[in-house]
Amino acid sequence: KLKFILWLGGMLLACVVVRGDEKSPWPTNAPALVELQDQFGKPQKLAFPNAKVTLLAIADKQGSAEVNAWIAALKPRYAERIDIRGLADMGGVPGFLQGHISRKFQATRKYPVMMDWSGKVCDRFGYRQDVANILVIDADGTIRERVCGAATDDAVTRISHALDAALQA
């Protein structure tokens, strides 16, 4: 009986911790300036204010599986009107593997992806691990919408509404 009570208490605590994490405040503004190298070793810069609304996809290895569906759902409608950027959380990659990982990215991603080898830049956006983080950032740097996870119909609709509103502002 004591084991059951301890197990139940642990489960309740886990629910409170997870629930608390979901309700934690997200940053409302993007960092004013992000400068990182992409997988090709070229400097990339994301700065606000910006001339365009930005769709930022942030992911680690697990979350990267969800990014392609997001881009496929949104790029045809918004490609010419917004800035679509990628940011990879590489914080857990040891230094001696960075070149190997960059080459793998070069083979699978022909567009530039900013490589955050420390994970600190991703943290500044309030990044959630293991899932794609899709952010709509207006031209002034205000994060208008954030969806974490797969590109479900409802999630794509949320991001589309936020993009439409930011483009009209």
Side-chain angles (χ1 to χ4, degrees), residues 10-31 34-39 44 46 48 50 52-79 82-94 97-98 100-138 141-166:
M11 293 303 289
L12 289 172
L13 179 61
C15 289
V16 169
V17 169
V18 169
R19 192 151 176 87
D21 183 51
E22 289 176 2
K23 291 186 176 184
S24 65
W26 301 103
T28 56
N29 292 307
V34 172
E35 294 181 292
L36 294 168
Q37 288 189 347
D38 65 19
Q39 72 271 33
Q44 296 293 320
L46 181 60
F48 297 98
N50 189 355
K52 288 186 171 183
V53 172
T54 300
L55 178 74
L56 179 63
I58 308 173
D60 54 15
K61 183 176 181 180
Q62 294 79 9
S64 67
E66 299 170 334
V67 171
N68 287 342
W70 277 104
I71 302 306
L74 298 167
K75 189 174 181 179
R77 180 173 174 186
Y78 296 102
I82 66 172
D83 186 17
I84 301 174
R85 305 297 295 271
L87 174 60
D89 177 18
M90 308 305 269
V93 176
L97 287 177
Q98 291 179 4
H100 173 73
I101 299 297
S102 289
R103 285 188 295 280
K104 284 182 90 168
F105 260 80
Q106 291 171 16
T108 59
R109 305 278 193 261
K110 299 303 179 193
Y111 51 87
V113 176
M114 295 179 285
M115 308 294 275
D116 182 7
W117 296 108
S118 71
K120 292 178 182 176
V121 172
C122 292
D123 288 344
R124 291 171 55 200
F125 284 98
Y127 164 70
R128 187 170 151 205
Q129 294 181 331
D130 301 326
V131 292
N133 291 236
I134 308 300
L135 283 67
V136 174
I137 307 169
D138 70 17
T142 301
I143 299 172
R144 296 279 195 110
E145 185 63 84
R146 167 193 313 270
V147 174
C148 299
T152 64
D153 289 342
D154 288 342
V156 170
T157 298
R158 276 180 56 194
I159 291 296
S160 295
H161 286 289
L163 284 168
D164 291 339

[atom2] on [Y] to [atom1] on [X], rounded to 0.5 Å:
| X | Y | atom1 | atom2 | answer |
| --- | --- | --- | --- | --- |
| Phe105 | His100 | CZ | NE2 | 11.5 Å |
| Ile101 | Trp117 | CD1 | CH2 | 6.5 Å |
| Asp116 | Leu36 | CG | CG | 5.5 Å |
| Ser118 | Asp123 | OG | CG | 8.0 Å |

Donor-acceptor under 3.5 Å ([X] side chain, [Y] main chain):
| X | Y | value |
| --- | --- | --- |
| Arg158 | Arg146 | yes |
| Trp70 | Gly149 | yes |
| Lys110 | Gln106 | yes |
| Thr108 | Lys104 | yes |
| Glu145 | Leu163 | no |

Residue pair [X] / [Y], side-chain heavy-atom distance below 4.5 Å:
| X | Y | result |
| --- | --- | --- |
| Gln37 | Met115 | no |
| Val34 | Phe125 | yes |
| Leu56 | Ile137 | yes |
| Val113 | Leu87 | no |
| Pro31 | Phe48 | no |
| Leu135 | Tyr127 | no |
| Leu55 | Val136 | yes |
| Met90 | Ser102 | no |

Note to self: By the salt bridge (charged side-chain N to carboxylate O under 4.0 Å, His left out) test, which pairs, at least two apart or in different chains, include something from residues 60-79?
What the structure shows: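 Only Arg77-Asp164 qualify under salt bridge (charged side-chain N to carboxylate O under 4.0 Å, His left out).
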What pair of heavy atoms forms the shortest contact from [X] to [Y], and how long is it?
| X | Y | result |
| --- | --- | --- |
| Ile82 | Lys52 | C-CD, 3.9 Å |
| Ala79 | Ile84 | CA-CD1, 4.5 Å |
| Ala59 | Ala132 | CB-CA, 4.4 Å |
| Cys122 | Ile58 | SG-CG2, 3.7 Å |
| Gln44 | Asp38 | NE2-OD2, 3.0 Å |
| Ile143 | Pro27 | CD1-O, 3.6 Å |

Checklist line | All salt bridge (Lys or Arg N to Asp or Glu O under 4.0 Å) counterparts of Arg103, not counting sequence neighbours | finding: none
Item checked: Check against salt bridge (charged side-chain N to carboxylate O under 4.0 Å, His left out), Asp83 and Arg85 -> CA-CA 6 Å; Asp83 186 17; Arg85 305 297 295 271; 3.5 Å; yes
Next item on the list: Apply the test side chain to side chain contact (heavy atoms under 4.5 Å, CB included) to residues Asn133 and Val131: give CA-CA distance (whole Å), side-chain angles for both, the deciding distance (0.1 Å), then the verdict.
Entry: CA-CA 6 Å; Asn133 291 236; Val131 292; 4.1 Å; yes
